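One structure is given below, encoded as structure tokens.
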Amino acid sequence: MATGRVFTLNTGAVIPALGLGTWQSGPNEVYEAVLVALKAGYRHIDTAYVYGNEAEVGNAIKDSGIAREDIFLTTKLWGTYQTNPETNLDISLKKLGVNYVDLYLIHWPTPLNPNGNHEFFPTLPDGTRDRLKDWDFVKTWELVQKLPATGKTKAVGVSNFSTVNLEKLLTAPTTKIVPAVNQVELHPYLPQKKLLDYAKEKGIHITAYSPLGSTNAPLQQEAAVQAIAKRLNRSPAQVLISWAISRGTSVIPKSVTAERIISNFDDFVLDEADIEAVDAISQTTAKRLINPNWGEVVFHDD
Ligand code: NDP
């Protein structure tokens, strides 16, 4: 049984510790996945404009019969809209069929050319990313931080921000609001200790993405995870999810498989020794799994 743990954001709002991720959940499968999740007790759903599945996510929320205000819904601003965040948010709200989201994140620190050769991933003739040269995330944040006042999002935050980029953002004279959340890749191969300490000091909540090691959940095969799972009579995925929550981060495992969605919703308190045993995995295998090349904009600490 899920413990229903929650965290409190710097806005005072509460974010359920465990949510459903929906990246690579195709439009034909995500509707069912979100319905199953909401039925199982999830009250936190993570999507993004670029995932191309907001309409189906929204339909499932509506059809679940669960009151909108009982669900914590996150979506994200795509790089080609960084000069015009409210327009991208309006599109997302329309697709989702809701009046507001609970959290709106700058998806990546990199602004992309809105008039480039591709809607999502514009490139230059030499194949590199077509980034906006006269814009940066500080300017984007200047616009994003005005969004809560519109009522279209309850909170705003960032994603894929390193400590260096957070510091740049927080010390900019135009920054009036501290991001509520920084959603980053975080799992035993990439425990993000430095970022966690920094975020805690600044009052920024961290959400851990790719908690199972992303596609095909490779972290389940780790011996330390399997040993704990066996001893506690849990699945390796449940151990990985509980490790994330026990470290103070919310976590958004993705699945489109009903029985996995249901069994993943089972966080429990891992004791210190088990947390440390999982932490130790990065001493032998340290790696980043989601690593798009954004050109000059470095989005990680390592
Ligand atoms: P996850 O670490 O959540 O792993 C997903 C994979 O694990 C899928 O292949 C899924 O398969 C499988 N899986 C899930 N549960 C189980 C289980 N109990 N047993 C075995 N396999 C399982 O990877 P993601 O990269 O999807 O990260 C989670 C979410 O984080 C994303 O969906 C997205 O919402 C968010 N994210 C955000 C990013 C950002 O830039 N802000 C970047 C990447 C992710 P199946 O679905 O077939 O069941």
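Atoms within each ligand, like the ligands themselves, are counted from 1 in listed order. Only heavy atoms go into these numbers, but all of them, side chains included; no hydrogens, no water, no symmetry mates. The model shown is predicted, which means the values in this text are computed figures rather than measured ones.
Between D301 and R288 there is no salt bridge, since no side-chain N of the basic residue sits under 4.0 Å from a carboxylate O of the acidic one.
Between the side chain of K76 and the main chain of T47, a donor-acceptor pair closer than 3.5 Å is present. Using a distance-only test at 3.5 Å, with no hydrogens or angles considered, no donor-acceptor pair links the side chain of E222 to the main chain of L219.
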Could you list, one pair per line, each nitrogen or oxygen of ligand 1 together with any protein nitrogen or oxygen closer than 3.5 Å, giving atom names and the distance rounded to 0.1 Å?
| unit_1 | atom_1 | unit_2 | atom_2 | d |
| --- | --- | --- | --- | --- |
| ligand 1 | 2 (O) | P211 | N | 3.2 |
| ligand 1 | 2 (O) | L212 | N | 2.7 |
| ligand 1 | 2 (O) | G213 | N | 3.3 |
| ligand 1 | 2 (O) | S214 | N | 3.0 |
| ligand 1 | 3 (O) | K254 | N | 2.8 |
| ligand 1 | 4 (O) | S214 | O | 3.3 |
| ligand 1 | 9 (O) | N216 | N | 2.9 |
| ligand 1 | 11 (O) | R260 | NH1 | 3.2 |
| ligand 1 | 15 (N) | N264 | ND2 | 3.0 |
| ligand 1 | 18 (N) | N264 | OD1 | 2.9 |
| ligand 1 | 19 (N) | Q220 | OE1 | 3.2 |
| ligand 1 | 21 (N) | R260 | NH1 | 3.4 |
| ligand 1 | 25 (O) | S210 | OG | 2.8 |
| ligand 1 | 25 (O) | S214 | OG | 2.7 |
| ligand 1 | 27 (O) | S210 | N | 3.0 |
| ligand 1 | 32 (O) | T22 | N | 3.1 |
| ligand 1 | 32 (O) | W23 | N | 2.9 |
| ligand 1 | 34 (O) | T22 | N | 3.2 |
| ligand 1 | 34 (O) | D46 | OD2 | 2.6 |
| ligand 1 | 40 (O) | H107 | NE2 | 3.2 |
| ligand 1 | 40 (O) | N160 | ND2 | 2.9 |
| ligand 1 | 41 (N) | S159 | OG | 2.8 |
| ligand 1 | 41 (N) | Q183 | OE1 | 2.9 |
| ligand 1 | 46 (O) | K254 | NZ | 2.7 |
| ligand 1 | 46 (O) | V256 | N | 2.9 |
| ligand 1 | 48 (O) | S255 | OG | 2.7 |
| ligand 1 | 48 (O) | T257 | OG1 | 2.6 |
| ligand 1 | 48 (O) | R260 | NH1 | 2.8 |

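Aromatic rings of H107 and Y51 (six-membered ring for Trp) have centroids within the 6.0 Å cut-off, being under it.
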Donor-acceptor pairs are to be reported for all side-chain atoms of residues 121-129 against protein atoms at under 3.5 Å, with residues two or more places apart or in another chain.
| unit_1 | atom_1 | unit_2 | atom_2 | d |
| --- | --- | --- | --- | --- |
| T123 | OG1 | N117 | ND2 | 3.1 |
| D126 | OD1 | T128 | N | 2.9 |
| D126 | OD1 | T128 | OG1 | 2.7 |
| R129 | NE | N293 | O | 3.0 |

> Can R247 and D279 be said to form a salt bridge (charged side-chain N to carboxylate O under 4.0 Å, His left out), step by step?
Replying inline: CA-CA 10 Å; R247 293 170 89 236; D279 282 349; 3.6 Å; yes
